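One-based numbering, in listed order, for ligands and for the atoms of each. Here the structure is a predicted model, which means the values were calculated and not measured.
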Amino acid sequence: MELPVEICPTRPFSDQRPGTSGLRKKVKVFQQPNYLENFIQSLFDLLPEKEGKTLVLGGDGRYGNPEALQTIVKMAVANRFGKLIVGQHGWLSTPAASHLIRKRRAAGGILLTASHNPGGPEGDFGVKFNVENGGPAPPKLTEAVYRRSLEIDRYRIARIGDIDLDRRGSLQVGGTEIEIVDPVDDYAALMTTLFDFDLMRDRFRKGELSILFDAMHAITGPYAHRILVDMLGAPEESLLHPEPLPDFGGLHPDPNLTYARELVERMAQDDAPLLGAASDGDGDRNMILGRRFFVTPSDSLAVIAANASKIPGYRRGLSGVARSMPTSRALDGVAAAIGVPCYETPTGWKFFVNLLEAGRVTICGEESFGTGSDHVREKDGLWAVLFWLNLLAATGKGVSEMVRDHWRRFGRHYYSRHDYEALDSSLANRLFEDLRAMLPQLEGKRFDAFEIERADEFGYTDPIDGSRVERQGIRIFLRPEGRIVFRISGTGTEGATIRIYFERFEPDPSRHDLPVQEALAPLIEIAEAVSELRRRSHREGPTVVT
Ligand code: G16
């Protein structure tokens with residue numbers, strides 16, 4: 001039966017350029033008539049062979065998702081996709097979607113999420129698009145979609161009733177099969193191929209392993225319940241905020257020390273579990289805590305890489321590792337010790353994908369609470385949590401003991417990121433222009449105990465496809481070993497967010513216990529002396545410190 005397909009006239013929006021990860025805007029922006037439709041049709045127009053192809057659809061359960069999913073289903077039907085695989089209730093974590101795309105050989109996937117940004121009517125909404133390898137769309141594609149969005153004049157939509165997304169099973173709508181799948185099944189099965197579930201189950205049963213996992217009322221709740229409680233036997237109380245809610249229960253689903261406050265407080269108690277962990281809106285980020293101990297994401301990445309041989313899925317060894325440029329160089333020391341290459345990429349998981357596809361990298365990660373491996377093409381929050389759980393079970397050590405052992409062996413990279421959010425965009429741009437102009441004069445400048453060794457702006461040539469990106473952050477290298485990086489965030493939805501990343505290497509174990517901000521204080525002052533960010537923005541300090 002031919003379906004009633006309507007070709008709707010529309011007018012372009014000028015602001016649909018995807019950022020670090022997809023198109024992210026305030027809910028109110030997405031609520032403008034045709035805003036979502038324009039972006040989705042621009043994307044569909046760029047996919048050459050849709051007919052008969054499979055598309056994966058899901059999201060993090062945030063406000064606006066059910067309605068947006070219905071719209072996308074109807075547009076995908078009208079654009080003649082052969083099959084849609086949709087997570088039940090519209091749910092799919094980003095790593096689970098990446099896995100489904102790969103496993104079911106889909107042409108790609110659309111994920112409705114603004115990641116760690118808040119939800120609800122006053123919050124944020126977003127669309128991520130992943131390509132057939134399961135990874136985030138590369139810059140070439142997102143730029144082409146943006147260009148298309150500037151000239152779009154019509155979109156296609158099937159005039160059909162809403163699909164029941166709560167009922168699993170298949171139905172045929174015109175030429176398109178719609179399959180509603182359990183969002184957790186395939187992902188949970190994948191995890192059992194990587195980690196020692198028998199060992200962890202045994203340790204939980206004996207009371208030798210314990211966890212408090214904060215799903216922040218976002219997508220990882222159902223995944224954590226299945227894996228940690230049903231499969232590993234952790235008690236129900238191991239989960240905090242497990243049910244996905246459209247406004248994340250008013251929480252900010254960003255797993256860091258500021259927004260996961262309840263978890264942090266519980267982990268500060270004497271009877272806290274061995275491992276504390278949290279994930280974000282769409283389940284790709286992770287935060288790792290021990291009792292009264294916070295593991296910076298950069299250290300977590302380095303510990304994971306250094307101990308990979310203790311985990312069944314990685315016993316074969318690592319082909320290489322990668323980190324985003326602002327991530328601390330703790331990983332580089334590990335790579336040198338185990339004799340594998342360490343790649344430095346711009347911020348954005350999409351820059352890891354070619355390396356993973358080419359088999360050059362097994363494990364990679366970022367300072368922004370993202371860690372992952374070649375099991376999917378996204379960062380993966382629960383994977384990192386299971387990695388740590390498996391490590392604790394295999395070594396019998398606690399989190400802080402693991403990290404301190406690591407520092408003793410490799411030295412400690414004190415690390416912190418200061419975010420100045422919602423700045424006036426023109427002020428932020430001018431500040432970067434000034435920093436850029438200053439670069440040639442910075443070398444050799446002295447600030448008490450430190451001297452600027454060199455300063456530059458990071459650009460990257462992809463070693464696999466030769467593509468080049470410029471202006472990926474301003475770097476100031478210091479002597480003795482330290483580094484300051486300035487970047488403008490590509491995920492903010494209000495004005496501009498400037499991030500300053502501080503890193504200082506300390507080889508001496510007797511100096512590994514300083515408070516982080518104290519250890520970095522001289523660098524924080526150098527950053528202000530060079531940029532005058534606080535003075536120019538009339539701010540007393542950063543909005544968020546991680
Ligand atoms: C995205 C990207 C990450 C990036 C992060 C922050 O994560 O996938 O690679 O590190 O944004 O980017 P920025 O510093 O530009 O704000 P997510 O979890 O938000 O999709």
**Message:** I'd like to check which ligand 1 atoms, numbered from 1 as shown, lie under 4.0 Å from a non-hydrogen atom of G490.
**Reply:** 13 (P), 15 (O), 16 (O)
**Prompt:** Backbone or side chain, does any N or O of W349 fall under 3.5 Å from an N or O of ligand 1?
**Reply:** yes
**Prompt:** Are any of the side-chain nitrogens in R226 or D185 under 4.0 Å away from the carboxylate oxygens of its partner?
**Reply:** yes
**Message:** As a test of understanding, state which of R417, R475, R329 forms a salt bridge (Lys or Arg N to Asp or Glu O under 4.0 Å) with E503.
**Reply:** R329
**Request:** Only heavy atoms count here, so choose which of R487, E366, R285 is nearest to atom 6 (C) of ligand 1.
**Result:** R285
**Message:** Under a 4.0 Å threshold between the charged nitrogen and the carboxylate oxygen, would E433 count as salt-bridged to R436?
**Reply:** yes
**Item:** Basic-acidic side-chain contact under 4.0 Å: R377, E357
**Value:** yes
**Complete:** Per-atom filter on ligand 1: closer than 4.0 angstrom to a heavy atom of H116 are 19 (O)
**Prompt:** Cut-off 3.5 Å, side chains only: do R285 and S279 have a donor facing an acceptor?
**Reply:** no
**Item:** Under-4.0 Å heavy-atom contact with ligand 1, by part of D284 that carries it
**Value:** side chain
**Asked** Please state which protein non-hydrogen atom is closest to atom 2 (C) of ligand 1 and give its distance, to 0.1 Å?
**Response** K379 NZ, 3.6 Å
**Request:** Please assess K128 against D284 for the test salt bridge (charged side-chain N to carboxylate O under 4.0 Å, His left out), listing each intermediate value before the final yes or no.
**Result:** CA-CA 12 Å; K128 289 185 176 183; D284 55 4; 3.2 Å; yes
**Item:** R499 neighbourhood, listing ligand 1 atoms whose heavy-atom distance to it stays under 4.0 Å
**Value:** 13 (P), 14 (O), 16 (O)
**Asked** Salt bridge or not for E481 and R504, using N-O below 4.0 Å?
**Response** no
**Request:** Examine ligand 1 and decide if any of its atoms is less than 4.0 Å from a heavy atom belonging to G348.
**Result:** yes
**Message:** To check your reading of the model: name the closest protein heavy atom to atom 20 (O) of ligand 1, its residue, and the distance in Å.
**Reply:** K128 NZ, 2.8 Å
**Message:** So if I count the atoms of ligand 1 from 1 in the order they appear, which ones are less than 4.0 Å from some heavy atom of R24?
**Reply:** 17 (P), 19 (O), 20 (O)
**Message:** Between W383 and T371, do the side chains contain a donor N or O and an acceptor N or O under 3.5 Å apart?
**Reply:** no
**Request:** Specify the protein heavy atom at minimum distance from atom 11 (O) of ligand 1: its residue, its atom name, and the distance to 0.1 Å.
**Result:** T491 CG2, 3.3 Å
**Request:** Below 4.0 angstrom from a heavy atom of S368, which ligand 1 atoms are there? Numbered from 1 as shown, please.
**Result:** 4 (C), 5 (C), 10 (O)
**Request:** Measure the spacing between CG of L36 and CD1 of I40 and express it to the nearest 0.5 Å.
**Result:** 5.0 Å
**Asked** Which of the atoms of ligand 1 are close to S115, meaning less than 4.0 Å from one of its heavy atoms?
**Response** 17 (P), 18 (O), 19 (O), 20 (O)
